[in-house]
Amino acid sequence: MNFAKINDISIHFNYINNGVNKPTVVFSNSLGTDFRIWESCVENLSNDYSILTYDKRGHGLSGLGNSPYVIDDHVADLIDLMDHLKISEAVLVGLSVGGLIVQGVYHKRPDLVQGLILCDTAAKIGNEQMWNDRIAIAREGGLEALLEGNMQRWFSPNFHKNRQVDLRGYEAMFTRTPLEGYIGTGMAIRDADFTDKAPSISVPTTCVVGRQDGATPPELVEGTAKIIPGAKFEIIEEAGHIPCAEQPEKVVSIIKEMIVSL
């Protein structure tokens, strides 16, 4: 396990450094998960690329910090972690809130970003009422009260039917997320909006979504792709909100395709 003090918080990360001649991929994960969701992708990529995964504040083994957060807190954490590790010119892969975070990194520090892969995310996710309702449910009943709905949005019917052991593991990951970390990050998502800035993105960008994503459905993700100049849009079949868990080989293929094109 590796930890770094970033903005007065202990940030848990894993950095596979394969040297300056290897392209670098940085992963930022979704609300209510930790960096283990990328394991299958990392296993496939780690011989050929340098890889950074990390737990954002309030998640996994990272510190809580001062909740609630704004998206700039998460953005600053990733920027400072990359600076700490002397990482620049990386392909940033962000899932859901991770997609908002990597967009924010680009807007603040474009020198760090060679390309963006925005998975199951958008320039703006949801609306104020939706997030306020979800936060209220979490405060009243804990994350267990959100569990069933979240799992339906996260995973396809096929995953629910055929991978129930894995599903139980993801349920445990979600419910063991610190409540204030979930709520604080939910508030950050609620208030984040990069719609006006999206047309200024000038690095290669691919927007990816699971066909059966119930959290950021294909039409939402495609809407963001349409306002980013030159962005590609891809749908992954038989996947919900976390395609890196359901169809990691498809996510890896998209990452490799981008890196080859740079």
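Only heavy atoms go into these numbers, but all of them, side chains included; no hydrogens, no water, no symmetry mates. The chain is numbered in sequence order, starting from 1. All figures in this text were calculated on a predicted structure; none of them were measured in a lab.
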* **R109 with D83: basic N within carboxylate O range, under 4.0 Å** => yes
* Within a radius of less than 6.0 Å around CD of E219, do more than 12 heavy atoms belonging to other residues, nucleotides or ligands occur? -> yes
* Asked: Do the side-chain N and O atoms of S30 and H241 include a donor-acceptor pair separated by under 3.5 angstrom?
  -> no
* To do: Could you please spell out the steps behind the salt bridge (charged side-chain N to carboxylate O under 4.0 Å, His left out) verdict for E171 and R168?
  => CA-CA 5 Å; E171 290 175 344; R168 299 290 92 78; 2.8 Å; yes
* **Short N-O contact, E246 and R163, less than 4.0 angstrom** => no
* Say whether, by atom type as modelled, one donor and one acceptor occur between the side chain of D72 and the main chain of V75 under 3.5 angstrom. => no
* Asked: So, N18 side chain and Y49 main chain: donor-acceptor pair closer than 3.5 Å or not?
  -> yes
* Asked: Do other residues, nucleotides or ligands put more than 12 heavy atoms under 6.0 Å from the CG atom of D196?
  -> no
* Asked: Looking just at side-chain N and O atoms, do K256 and N44 make a donor-acceptor pair shorter than 3.5 Å?
  -> yes
* **Distance (rounded to the nearest 0.5 Å) between K56 NZ and I6 CD1** => 16.0 Å
* Are E237 and R211 ion-paired here, with the side-chain N under 4.0 Å from a carboxylate O? -> yes
* Asked: Is there a salt bridge (charged side-chain N to carboxylate O under 4.0 Å, His left out) between E257 and K232 once you walk through the steps?
  -> CA-CA 12 Å; E257 181 182 345; K232 296 180 179 180; 3.3 Å; yes
* S156 and N158: side-chain donor and acceptor closer than 3.5 Å? -> no
* Within one Ile-Leu-Val-Met-Phe-Trp-Tyr cluster: L52 and L61, side-chain cutoff 4.5 Å -> no
* Partner of F27 by side chain to side chain contact (heavy atoms under 4.5 Å, CB included), out of V102, I37, L45 -> L45
* **Candidate pair Y15 and Y54, rule ring pair (Phe, Tyr, Trp, His ring centres under 6.0 Å), full reasoning** => CA-CA 8 Å; Y15 182 35; Y54 76 105; over 10 Å; no
* **Centroid-centroid under 6.0 Å between F159 and W154 rings** => no
* Using the side chain to side chain contact (heavy atoms under 4.5 Å, CB included) rule, pick out the option among I183, T185, L143, L31 that qualifies with T177. => L143
* To do: Identify the heavy atoms of M258 and L116 that sit nearest to each other, and give their distance.
  => CE-O, 3.3 Å
* K108, NZ: over 12 other non-hydrogen atoms inside 6.0 angstrom -> no
* Are F35 and H12 close enough that their ring centers fall under 6.0 Å? -> yes
